[in-house]
Number of protein chains: 2
Amino acid sequence: MTRPGGSRVTVLPAPGREPQAPPAADPSSLALGALEDSLGFLLRIAQLQAFERFYAAVAGHDLRAGAFTILWVIGLNPGVRQGVLAERLMIKRAHMAKLIRALELAGLVARTPSREDRRAVELRLTPAGRRHVELRAAAFFAPDSAPPTSLSAAETRTLIGLLRKLTGIGEEAP
Amino acid sequence: MTRPGGSRVTVLPAPGREPQAPPAADPSSLALGALEDSLGFLLRIAQLQAFERFYAAVAGHDLRAGAFTILWVIGLNPGVRQGVLAERLMIKRAHMAKLIRALELAGLVARTPSREDRRAVELRLTPAGRRHVELRAAAFFAPDSAPPTSLSAAETRTLIGLLRKLTGIGEEAP
DNA sequence: GCAAATTTGTCTACTTGGAAACAAATTCGC
DNA sequence: GCGAATTTGTTTCCAAGTAGACAAATTTGC
């Protein structure tokens, strides 16, 4: 399982002369070198694959992952402020402003100015917003109930646990 | 480590009445509910955090992750075609066309029409492109040598192994 | 009390990425 | 052969996301 080069993997591509092998018409047989050990690269590919699977599974449910996530978290945290939401979901504040305005225009979210801090805005689901979330929650979380085929159930649990630890998400300061 | 609800985690937010708790001004104390068990959500957050760390670490090296990755893979697979590259790196072909043109204009990549298939284009690094990659490889892969602080070295290896298995990247069909 | 610094959300301009339609070349059916 | 379907890369247009400046409100230093 360990790689030929150990952990010092910054092996440069063979300088100058080319491998005489044909250009490799099959994507899965491309040489990736040290990228195969790169956490950032693997996370990127894994995330894109997961989104692809997700949108393939929920096709036609008019369900956008980002919007649903925002509504879900507002539903669990009524009165949450935009900036707090943005920081936790890793969405830039400028972008969150646009997303929230769209949700407000759609009648799913209510924005009320905070009384404690008159710069801030408190977010809540409207009744329509709550209905929207309730109707789509099962479809949204369905892919998590039937996890990827390439991992066993135990491996999936391990992976989720490690990702929680890596991101600091399921288990904050005690 | 198991969650209160087991694996059937589609618990809807408390309908109607609000938690009387204050709006939670601290992002890390937001309730996320079933999102904390969602592989897609965790992968998304982990990837964004990883990119943030990456760009913080290589600040000023004029190093874009996507462009470097493309150059790196071309360097390892001279003569590779655009579509193959796009599929493996999960970049849409329309986008790849733009990226490759930019790299060609920058003098880093040479595009030569394939003799076998006159629609296709073969990609190679120019000498300048090879120099570019060699100069930046150490900085690009540095974050992988000093992995995240929240995981032990063993956990990081396990995580990388699981991600390889999930994505099918380090270990193709035997 | 009050000027300076910070925070909160917003705006404009820009970059990144994708969907759909397309031309050219290739492969398939027959 | 030869027309139909497919593949390859490109173009155009649009959506998603970011950067940086900004006004208003708040907090901080004194």
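Just so it is clear: chains get the letters A, B, ... in the order the sequence lines come, proteins before strands, and each one is counted from 1. In what follows, every heavy atom counts, from backbone to side chain, and hydrogens, waters and symmetry copies are set aside.
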Heavy-atom contacts, protein to nucleotides 10-15 of chain C, under 4.0 Å, summarised as B (base), S (sugar-phosphate only) or - (none) per nt, yield BB-B--
How many whole angstroms separate atom [atom1] of [X] from atom [atom2] of [N]?
| X | N | atom1 | atom2 | result |
| --- | --- | --- | --- | --- |
| B:L48 | D:dG17 | CG | P | 9 Å |
| B:L99 | D:dT11 | CG | C1' | 15 Å |
| A:I70 | D:dG17 | CD1 | C1' | 12 Å |
| A:F68 | D:dA16 | CZ | C1' | 20 Å |
| A:R81 | D:dA25 | CZ | P | 16 Å |
| A:E87 | C:dG9 | CD | P | 11 Å |
| A:L85 | C:dT8 | CG | P | 14 Å |
| B:Y55 | D:dA19 | OH | P | 10 Å |

Only distances under 3.5 Å count here; give the side-chain donor-acceptor pairs of residues 40-49 of chain A to other protein atoms, sequence neighbours excluded, each with its distance to 0.1 Å.
unit_1	atom_1	unit_2	atom_2	d
A:Q49	NE2	B:T167	O	3.3

Closest-nucleotide 5' rank along DNA chain D - winner of B:G83 and A:R118
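Nearest nucleotide further toward 5': that of B:G83.
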Item to complete: Specify the residue among A:M90 and A:D117 whose closest nucleotide of DNA chain D lies further upstream toward the 5′ end.
Response: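 Looking at DNA chain D, the more 5' nearest nucleotide goes with A:M90.
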Let me spell it out: for each of A:A120 and A:R44, pick the nucleotide of DNA chain C with the closest heavy atom. Which residue's pick is nearer the 5' end?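 Looking at the nearest nucleotide for each, A:A120 comes out on the 5' side.
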Is the phosphate of C:dC22 approached by B:R119 (side-chain N or O, under 4.0 Å from OP1 or OP2)?
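Negative; the distance criterion is not met.
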Using a heavy-atom cut-off of under 4.0 Å over every strand shown, decide if B:R115 touches base, sugar-phosphate, or nothing.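 Nothing, no heavy atom under 4.0 Å.
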Open item on the list: I'd like to check B:V121 versus B:T112 (side-chain heavy atoms, cut-off strictly below 4.5 Å). Are they in contact?
Closed with: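 Side chain of B:V121 against side chain of B:T112, heavy atoms only: no contact under 4.5 Å found.
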Quick one: are A:V73 and A:V80 in side-chain contact, heavy atoms under 4.5 Å?
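The answer is no, as the side chains (C-beta and beyond) never meet within the 4.5 Å cut-off.
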Q. Could you go step by step and tell me if B:E155 and B:R157 meet the salt bridge (charged side-chain N to carboxylate O under 4.0 Å, His left out) rule?
A. CA-CA 5 Å; B:E155 286 172 326; B:R157 276 193 300 275; over 6 Å; no
Going through the checks in order, is the side chain to side chain contact (heavy atoms under 4.5 Å, CB included) test met by B:L125 and B:L108?
-> CA-CA 6 Å; B:L125 294 186; B:L108 302 176; 5.8 Å; no
Inset, instruction - Report the relative orientation of the aromatic rings in B:F51 and B:F54; use parallel for angles under 30°, tilted for 30 to 60°, perpendicular for over 60°. - result: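 Rings of B:F51 and B:F54: tilted, 30 to 60°.
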- B:F68 and B:F141 aromatic ring geometry - parallel, tilted or perpendicular at 30°/60° bounds: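 Ring orientation, 0 to 90° scale: perpendicular.
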